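A short worksheet on the structure shown next.
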Amino acid sequence: MSVRVRYAPSPTGLQHIGGVRTALFNYFFARANKGKFILRIEDTDRERYSEESLQDLYDTLEWLGIQWDEGPQMGDYGPYVQSQRFDLYQKYAQSLLDEGKAYYCFCTAERLDAVREQQKISKSKNQGYDRHCRDMDPAEALKRKEAGDACVIRLKVPLDGKTTFHDEVMGDISRKNRDVSPDPVIVKSDGFPTYHLANVIDDHLMGITHIMRAQEWIPSGPLHVILYEAFGWTPPKYCHLPLVMGKDGSKLSKRHGATSLKDFRLGGYLPEAIINYISLLGWSFDDSREFFTKEDLEELFTLKKLNKSPAVFDYRKLEWFNGQYIRLKDPESLKELLLPILQKDGVISDPVTEDEMGIFNGAFPLVRERLKLTTQVSEMIRFLFKDIDSYNSDDAIPKKMEASQVPGILDSCASLLEGFEDRNDEENEKLFYDKSVELGIKMGQILQPLRVAVTGTKISPPLFESIRLLGVEKAEARIRALSEQISKETA
RNA sequence: GUCUCCAUCGUCUAGUGGUUAGGACACCGGGUUUUCAUCCCGGCAACGGGGGUUCAAUUCCCCCUGGAGAUGCCA
């Protein structure tokens, strides 16, 4: 039987790193096995549903370059949006009702809260629903329902026995039925199914062969198996993926830093880096290789190399990967990524002028090997396009030197700029070196104030290159300006 | 509280009944470099504890400890 797997997110928030990892693994597994990757929208939570989340899901998958074989727009097992399958769930829930495997429950939220509260205080062994309505006469229940009493449908979980399922990663997992969630709601009072019901029905009807999802679902595994059995169906294979954690070891969340794919997308990360890094969270290939393109993974991915234990999300390693991929990217497409960022940050104009493009092209090779995030490009080369508003003169004063000495150094450097463009870097370097000898200071002490003057910061692309790109005239003006500023400050 | 799952450097991980326990990020040091970065070289650093099984356990079993997840008319 050929592999059919699905990613089934609920559009109730932005796509999360953890969700993306699940999507990726399902996708890779499908591709590696020449199977089908299905996208299903689990929008049964009408309260939290948002159009924006749905759009974010599509944006995310598109950005990552993940195509699904079946989903909302195409496929023979549709509809692939749960809200459009409403009647189907009704039908199956009814069949459970008819067979006495489910029942109507009229308990109010208030009563449920009170029960839970009580259980908490008394530290009761039984947690959760107290099965208050389980033994109500079905005829009476129906009558109440028809009279308009608000109700939900609950599954009758067997009181005895135990339920076991096999997990491809974890092995056998079993749970006593009395420890399974006590008679969970399968149809809500608004008529929509809960995750448990919808997911089981859809996975079965859509011919899903493997359920790959995060380990947080393990506890409800037995419940789902009970549901499959109630319908007389065979459950698919299970494969629970290790959780993605934050630095402190709890499930990754906003307080650990960026978690939505959108944050990373806007934050200057490349999809190549994200895909590569995320794939290494709970999965590995061998003892040394860790660079993988999407295409590699589509071929190499295997369940056998999945890990059992949770993985901590390491932002720094992701950044490192990102830097690597920036350097790996072919120059033209990297430029196409960088230009809009510079425009957005107001560094260059939109459309970009020929002059700006010339400067950018000159700065590009310098900036390319310095970026970890594409968004860093603006601060890195802003000085080439924009005037420097104000200097932090402390930056310009080298160690072991008095501020009052600096203007003199700057001024003598300014005069060295004459003919700068006609000389190569070595010749210029020699010139500055000779000057430093003349002044009795180190080369670094001469270059630091100069760098600050020209670029506005201590950290910059190579100085001579920067001067060349900026233009000698402007560079000289900046040097004089800084010199003046420091003179004033020390006066 | 109850249930379930997990446990190799700080982090991601490889690995085996007998290995100098390997790689990567981070960190530290050195080299290259006018700064930063890149790049190169080197270093630091791990089998949670206790019992078994065995000639031999990091590896197999049990207990403990630690961590996580679940315990919703959310998924």
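These numbers come from the heavy atoms of this one structure, side chains and all, not from hydrogens, waters or symmetry mates. The shown structure was predicted, so the numbers you read here are calculated from the model rather than taken from an experiment. Here is the naming used below: chain letters follow the sequence lines, and residue numbers restart at 1 for every chain.
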Subject >> Sidechain N-carboxylate O distance under 4.0 Å for A/D434, A/K430 >> reply: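 Judged by the 4.0 Å cut-off on N to carboxylate O distance, A/D434 and A/K430 do form a salt bridge.
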Original post:
Should the pair A/D190-A/R46 be classified as a salt bridge under the 4.0 Å nitrogen-to-oxygen rule?
Top reply: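 No, this pair does not count.
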Of the options [options], whose atoms approach the side-chain atoms of [X] most closely?
X	options	value
A/E290	B/A24, B/G15, B/A75	B/A24
A/L280	B/U11, B/C12, B/G69	B/C12
A/I173	B/G10, B/C73, B/C5	B/C5
A/W320	B/A75, B/A24, B/A68	B/A24
A/R48	B/A37, B/G10, B/C74	B/C74
A/R175	B/G10, B/C3, B/A75	B/C3
A/R116	B/A14, B/C6, B/G72	B/G72
A/A311	B/U34, B/C5, B/C12	B/C12

Considering only atom [atom1], compute the distance from [N] to [M] and round it to an integer number of Å.
N	M	atom1	result
B/A14	B/G48	P	15 Å
B/C73	B/G15	P	42 Å
B/A21	B/U38	C1'	32 Å
B/C44	B/G30	C1'	15 Å
B/U32	B/A37	P	16 Å
B/U2	B/G23	C1'	42 Å
B/C64	B/U20	C1'	32 Å
B/A57	B/G50	P	13 Å

Original post:
Can you find a pair of side-chain heavy atoms, one from A/Y228 and one from A/D203, that are under 4.5 Å apart?
Top reply: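 Contact flag for A/Y228/A/D203 side chains = yes.
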Original post:
Is any side-chain heavy atom of A/N199 less than 4.5 Å from a side-chain heavy atom of A/R40?
Top reply: yes
Take the protein atom [atom1] of [X] and the nucleotide atom [atom2] of [N], then report the distance between them rounded to whole Å.
X	N	atom1	atom2	result
A/F165	B/U4	CZ	P	12 Å
A/K188	B/C74	NZ	P	4 Å
A/L197	B/C74	CG	C1'	15 Å
A/F285	B/A24	CZ	P	17 Å
A/I201	B/A75	CD1	P	14 Å
A/I17	B/U11	CD1	P	20 Å
A/H240	B/C5	NE2	P	12 Å
A/E216	B/G67	CD	C1'	16 Å

Could you tell me whether the side chain of [X] has a donor or acceptor atom within less than 3.5 Å of a complementary atom in the base of [N]?
X	N	value
A/R451	B/U34	yes
A/S309	B/C6	no
A/K317	B/A24	yes

OP1 or OP2 of [N] sitting under 4.0 Å from any side-chain N/O of [X]?
X	N	value
A/K458	B/U35	no
A/S284	B/A14	yes
A/Q127	B/U4	no
A/T44	B/A75	yes
A/R316	B/U11	no

Original post:
How about A/F291 and A/Y325: are their ring centres within less than 6.0 Å of each other?
Top reply: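 Between A/Y325 and A/F291, which both carry aromatic rings, the centre distance is below 6.0 Å.
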Subject >> Pair A/Y269 and A/F321, ring centroids less than 6.0 Å apart >> reply: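 Between A/Y269 and A/F321, the centre distance exceeds or equals 6.0 Å.
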**OP:** Test side chain to side chain contact (heavy atoms under 4.5 Å, CB included) on A/H256 and A/F313 and set out the steps.
**Re:** CA-CA 9 Å; A/H256 296 115; A/F313 191 88; over 6 Å; no
